[in-house]
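The block underneath contains the structure these notes are about, expressed in structure tokens.
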Amino acid sequence: MSGSTTALVTGQAPAHGAPGQAVLSRHQSRPGRRALVAADLTALHGPVGGVVALPLRLFWSLPGHRFDLDDPDTRRWYYETVLREASRPDDLTAYLDGATLARLWPELFLPKGVRRAWEEQHPSLRAAIAA
């Protein structure tokens, strides 16, 4: 990321793991908000199935804020939402799973800034699209 401005951000430890670390990208997730990217995909140990409730700061549009991760369409929507709205490292570590993210990556509809930020930090994601 030559010429880019990034900052390493540390967050609170989720109940089940070490403190999260993330990179605040130069790319924007939306106007005025830079994308937050996990420093290491293997640190993402969020749920892989079942029903998950997101906090209001991540998802405010659906009553109850619940996503059924066993439904493929809902799972993609959930990942798109968390990737776009994450503002704390523990948003990433608590709600995303690295292997699931890698598998879903080619199917996710993301703002260009979010996609660029994650692919710059994790070239394996870009390679998954080419495959």
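The shortest heavy-atom contact between Val23 and Gln121 is CG2-OE1, 3.8 Å. Between Thr93 and Ala43, the shortest heavy-atom distance links the atoms CG2-O, 3.6 Å. The minimum heavy-atom distance between Pro47 and Val52, with the atom names listed, is CG-CG2, 3.5 Å. Among all heavy-atom pairs drawn from Gly113 and His27, the shortest one is O-CB, 3.2 Å. Listed here is the closest heavy atom pair of Ser25 and Val37: CB-CG2, 4.4 Å.
Proximity of Leu101 to Leu83: side-chain heavy atoms (C-beta onward) are separated by under 4.5 Å at one or more points. Looking at heavy atoms from C-beta onward, Arg33 lies in side-chain contact with Ser87 at the 4.5 angstrom threshold. Within the 4.5 Å cutoff, no side-chain heavy atoms of Leu69 are placed close to those of Thr100. Between Arg57 and Asp91, some side-chain heavy-atom pair lies under the 4.5 Å cut-off. With contacts defined as side-chain heavy-atom distances shorter than 4.5 Å, the pair Tyr95/Tyr78 qualifies. Two residues are said to be in side-chain contact when any heavy atoms from C-beta on lie closer than 4.5 Å; Leu110 and Glu80 meet this criterion.
Panel note: side chain His122, backbone Ala102; no donor-acceptor pair is recorded below 3.5 Å. The main-chain N or O of Val51 is never found under 3.5 Å from a side-chain atom of Asp68 such that the two would form a donor-acceptor pair.
Interatomic distance, OH of Tyr79 versus CG of Leu104, reported as 6.5 Å (0.5 Å rounding). The CZ atom of Arg26 lies 4.5 Å from the CD atom of Glu120; values are rounded to the nearest 0.5 Å. Put simply, CG on Asp97 and CG on Leu92 are 12.5 Å apart, with the number rounded to the nearest 0.5 Å.
Counting only residues at least two apart or on different chains, the side chain to side chain donor-acceptor pair (under 3.5 Å) pairs with a member in residues 107-118 are Arg76-Glu107.
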(message) Is there a side chain to side chain contact (heavy atoms under 4.5 Å, CB included) between Leu41 and Leu125? Walk through the geometry before answering.
(response) CA-CA 10 Å; Leu41 292 178; Leu125 295 175; 4.3 Å; yes
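Using a 4.0 Å cut-off between a side-chain N of Lys or Arg and a carboxylate O of Asp or Glu, Arg30 and Glu85 qualify as a salt bridge.
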